[in-house]
Amino acid sequence: MVPLNWYLVLSAIVFMIGVFGFLTRRNIIIMFMSIEVMLNAVNISLVSLSHYMQDMRGQILVFFIITVAAAEAAIGLAIIIALFRNKSTVHVDEMSEMKG
Amino acid sequence: MYIDLMLNIGMILLKIAVVIGVALLHVAYATYWERKVIGHMQVRLGPIEVGPHGLLQPIADGVKLFFKEDIIPANADKPLFYIAPVIFFVSTMTALSVLPFFEGFVIADINIGLLFLFAMSSLGAYGIIISGWSSNSKYAFLGGLRSASQVISYEIAMGMSLVGVMIMAGSLNLSDIVKAQQQYPTGMFAVPQFLGFFIFTVSALAETNRLPFDLPEAESELVAGYFTEYSGFRFALFFLGEYTGMLVMSSISAICFLGGWTVPQFITGWFPFLLQLPAWFWVLVFLAKVYAFMFFYYWVRATLPRYRYDQLMSIGWKMLIPLALLNIVVTAMVKILL
Amino acid sequence: MLPELFFGYYAAMIVFLSVLVITRKNPVHSVMWMLLLFFHIAGLYLFLNAEFIAAIQVIVYAGAILVLFLFVVLLLNLREELQTAKFIRSWPAGLLISGGIIVAIISALRSFVLAPQGMHTIEFIKRETHTKALGTILYTEYLFPFEIASLVLLVAIIGAIVLAKKKTRS
Amino acid sequence: MTAAKLIRAIFFIEILKGLALTFKTMFTPAVTRRYPKVKRPVQPGFRGLHALAKDENGKMKCVGCGLCGAYCPSKCIYIYTSDGKDHKKVVDRYEIEVLRCIYCGFCVEACPFGAITLSEHYEYSDYSREPFYMTKDKLLSNWDKHFAGEKGKRYFRDFWRPKSEDFIGYEGQAMFKGIKNEK
């Protein structure tokens, strides 16, 4: 039996990689993918917790996270396309018009 | 204990080898059969020179394709160019692993068989998009984009058309779905689920990029679509993948709508000796259903012209998906009320 | 021994692939590594007896969301992307922040206590099948969130169409 | 939309009609000819591979006048003549580049003696360009192969009747008259 902590550590490491990617990359698509990586890290920990607690409510949460991720990806990518149409770049540094 | 494990693994490997070998042979002869059927429909003969009645033609074609030169465009993205046909081929071949061919013969009898099939059929889109993009050619790129949007759109309709079957069978396991159809007098879901069967048939044509929805490889506009730049061995992989996809779609339709390897109960009532036959005999019934569906593919190809792209999209989104939703609602209500 | 080996393989591959995803210069390659990453995560879910979630992971994440990503990447101009620097100049700060997060999480794990066991034992799931057990909870206890999720998806569809639609000249 | 139109749209009457048609044609016999095994008979007057005609004594009919080469639109006939014994014209070389020939048949029409002919043979593909450069010997052997005996006679009788056969000129014309008188 694999200890639960292993899963949680794995989830933490993957989450960290996602955070690092989000903070350091400036390509908006890669940033989006970093968010997906973070969501997946959370999903891993939820599924493993649900398995070890023998309670399926955690997996329901995973279900909703996947749903919301789908909605978020659709909206986010639509925003990216709209931005690219106006600015013809995918670099967040160059989208500075709303800085105030 | 280890001997048991080894035997088990050996058994599974043997099954896999049998299924892949038989499937590849069927795929090869599916191309032969297609050429024959379409040939006769167009008042031609089809392949006839190689071997008796041209029976060795698919083997000759295979040998030719596998020994041809493998050309790679200079500006292609090489790793993705190499991997794309493999993704396409593997994703369609993997779908074979959950199909039950007759009572008790299935490589992986999993509870989510139908979902697994959806997953694999959605992965085929990657092979197509990536091959279109990595070839660095306009025809291939346009073909890849078209194919991706088409496959994604019609997958929704296809999944929804099968929800009716899921509701009626109460299971996602393909063997259970086949057994559930035995309770109905006609022995197949195609009769009560006629709307679902219709939607599935149309979206199966679109999903495998066949006529009248073959816009991704529309010869008159896009040369060969997403595999324009491929040749030799890799082209053969695309070709095999496409026909394996057709085989898988026909098998899904045979399993989910036409009663799989079983025949309707009144037939076994008339001919009781059928029940004494060994289990493997019923694979012939299954294959007959699969080939009947494949024949429909060819028949449609020989008859209908290609749709326009906006027509394709509006059929998918404005006709098939609402119909599929209606089918789900009606099926669920009937299931609750009865 | 065998479960640990399986877990070790999956964990190593997941970490390695997620590093590849965020460090590739070409977004298309990133997407392809992400596809492999999703497969390994689905494998991990199967390993945790969550077969329906694994199937959903492949169908929705790999089959729909990632194809959308790929689609958008293909529509954009990649030439410029391949020439600019991969990371921002102050990437060590990012490393520091993410390192801080992981240290905090792992130190919190030491005082982690598992809640009492629920009713969905492995035998229960095997008897009921995973899909049925999940569906039972989803359509009874979580019916209201489920409806809200469908509403969220509807809003997302409309929003995406409105945002990405080309403005017609009137 | 009228009711009939609606019914047609719902049940795909047009598509079903088309499917019925293709299904019916599937059982009609194919019209394919399996070419290398089954050959269509060549129609008389077909313009195939070139041949140089011989007369009854087996001698070449060509006198080297060069009219065929002059008429040829693709200029693929080369004739080299020299002065022989008794100042008789001798045809040294008579060559045709078959790959450039367009099979118009002008050379046959131009020839006053029916020396150059187009045989009914059309299966002469090859792997190199060499065999398509016809020399005099090859052209004469083509005659033996494809026009020997009755076939050659029929050819001249029914189709490419040489001008010299019906030529009735005035007395002063040297060439044709002489030959006619010899017969």
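Proteins come first, then strands; the chains are lettered A, B, ... in the order of their sequence lines, and each starts at number 1.
Contact of C:T23 with chain A is made through the backbone alone, with heavy-atom distances under 4.5 Å. Neither the backbone nor the side chain of C:F71 comes within contact range of chain A; no heavy atom of the residue lies under 4.5 Å from a heavy atom of that chain. Heavy atoms closer than 4.5 Å to chain A are found nowhere in C:L154, neither backbone nor side chain. For A:I13, the parts lying under 4.5 angstrom from a heavy atom of chain C are both the backbone and the side chain. Only the side chain of C:I105 comes within contact range of chain A, judged by heavy atoms closer than 4.5 Å. There is no contact between C:F6 and chain A, counting heavy-atom distances below 4.5 Å. Proximity to chain A involves both the backbone and the side chain of C:L68, based on heavy atoms less than 4.5 angstrom apart. With a threshold of 4.5 angstrom between heavy atoms, A:F20 approaches chain C through its backbone and through its side chain. With a 4.5 angstrom heavy-atom cutoff, C:I101 touches chain A only via side-chain atoms. Looking at C:Y61, only its side chain comes within 4.5 Å of chain A, counting heavy atoms on both sides. Only the side chain of C:V60 comes within contact range of chain A, with heavy atoms under 4.5 Å apart. Heavy atoms of A:I29 lying under 4.5 Å from chain C belong to its backbone as well as its side chain. With a threshold of 4.5 angstrom between heavy atoms, C:L48 approaches chain A through its backbone and through its side chain. Using a 4.5 Å cut-off between heavy atoms, C:A11 touches chain A through backbone and side chain atoms alike. Contacts between C:V162 and chain A at a heavy-atom distance below 4.5 Å are absent for every atom of the residue.
Interface remark: of the candidates A:D55, A:V37, A:I17, A:L49, A:I17 forms the most heavy-atom pairs closer than 4.5 Å to chain C. With respect to chain A, the highest number of heavy-atom pairs below 4.5 Å among C:L134, C:I41, C:L153 belongs to C:L134. Per-residue heavy-atom pair counts under 4.5 Å with chain C were compared for A:I79, A:I66, A:T67, A:V9, and the maximum is reached by A:I66. Ranked by non-hydrogen atom pairs under 4.5 Å with chain C, the options A:V14, A:I81, A:I75 are led by A:I75. For the set C:I14, C:L66, C:I102, C:I97, the count of heavy-atom pairs under 4.5 angstrom toward chain A peaks at C:I102. Looking only at heavy-atom pairs under 4.5 Å with chain C, the residue among A:G76, A:P3, A:A69 that has the most is A:A69. Among C:M34, C:E4, C:R110, the residue making the largest number of heavy-atom pairs under 4.5 Å with chain A is C:M34. Between chain A and the options C:S30, C:G100, C:A64, heavy-atom pairs under 4.5 Å are most frequent for C:S30. Note on C:L2, C:L44, C:I56: by heavy-atom pairs under 4.5 Å with chain A, the leading option is C:L44. Across A:A73, A:A71, A:G21, A:A82, the residue that shares the most heavy-atom pairs under 4.5 angstrom with chain C is A:A71. In terms of heavy-atom pairs under 4.5 Å with chain C, the best-connected choice from A:I80, A:V68, A:L23, A:V62 is A:L23.
C:Q57 and A:N40 are linked by a side-chain donor-acceptor pair at a separation below 3.5 angstrom, with hydrogens and angles left out of the test. Using modelled atom types and a 3.5 Å distance limit, the side chains of A:Y7 and A:H51 yield no donor-acceptor pair.
Taking all atoms of both residues into account, the shortest heavy-atom contact from A:Q59 to C:I53 is O-CD1, 3.6 Å. Between C:I22 and A:S34, the shortest heavy-atom distance links the atoms CG2-OG, 3.7 Å. For C:G94 against A:T24, the heavy-atom pair with the smallest separation is CA-CG2, 4.2 Å.
Between A:M56 atom CE and C:F52 atom CZ the span is 9.5 Å, to the nearest 0.5 Å. Atom CD in A:E72 sits 11.5 Å away from atom CD1 in A:I65 (nearest 0.5 Å). How far CD1 of C:I148 is from CG of C:L143: 10.0 Å, rounded to the nearest 0.5 Å.
Side-chain rings of C:F146 and C:Y139 approach one another, their centers coming within less than 6.0 Å.
At distances below 3.5 Å, at least one donor-acceptor pair connects side-chain atoms of C:H40 with backbone N or O atoms of C:L36. Looking at A:S11, its side chain does come within 3.5 Å of a backbone N or O of A:A41 through a donor-acceptor pair.
Using a 4.5 Å heavy-atom threshold, the side chains of A:I30 and A:F22 count as separate. C:W33 is not listed as a side-chain neighbour of C:L37, based on a closest heavy-atom distance of 4.5 Å or more.
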### Task
Output, in order, the C-alpha distance, side-chain angles, deciding distance and verdict of side-chain contact (heavy atoms from CB on, under 4.5 Å) for C:F38 and C:V58.
CA-CA 7 Å; C:F38 285 157; C:V58 175; over 6 Å; no
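Using bins of under 30°, 30° to 60° and over 60° for the plane-to-plane angle, the ring pair A:W6/C:F7 lands in the tilted bin.
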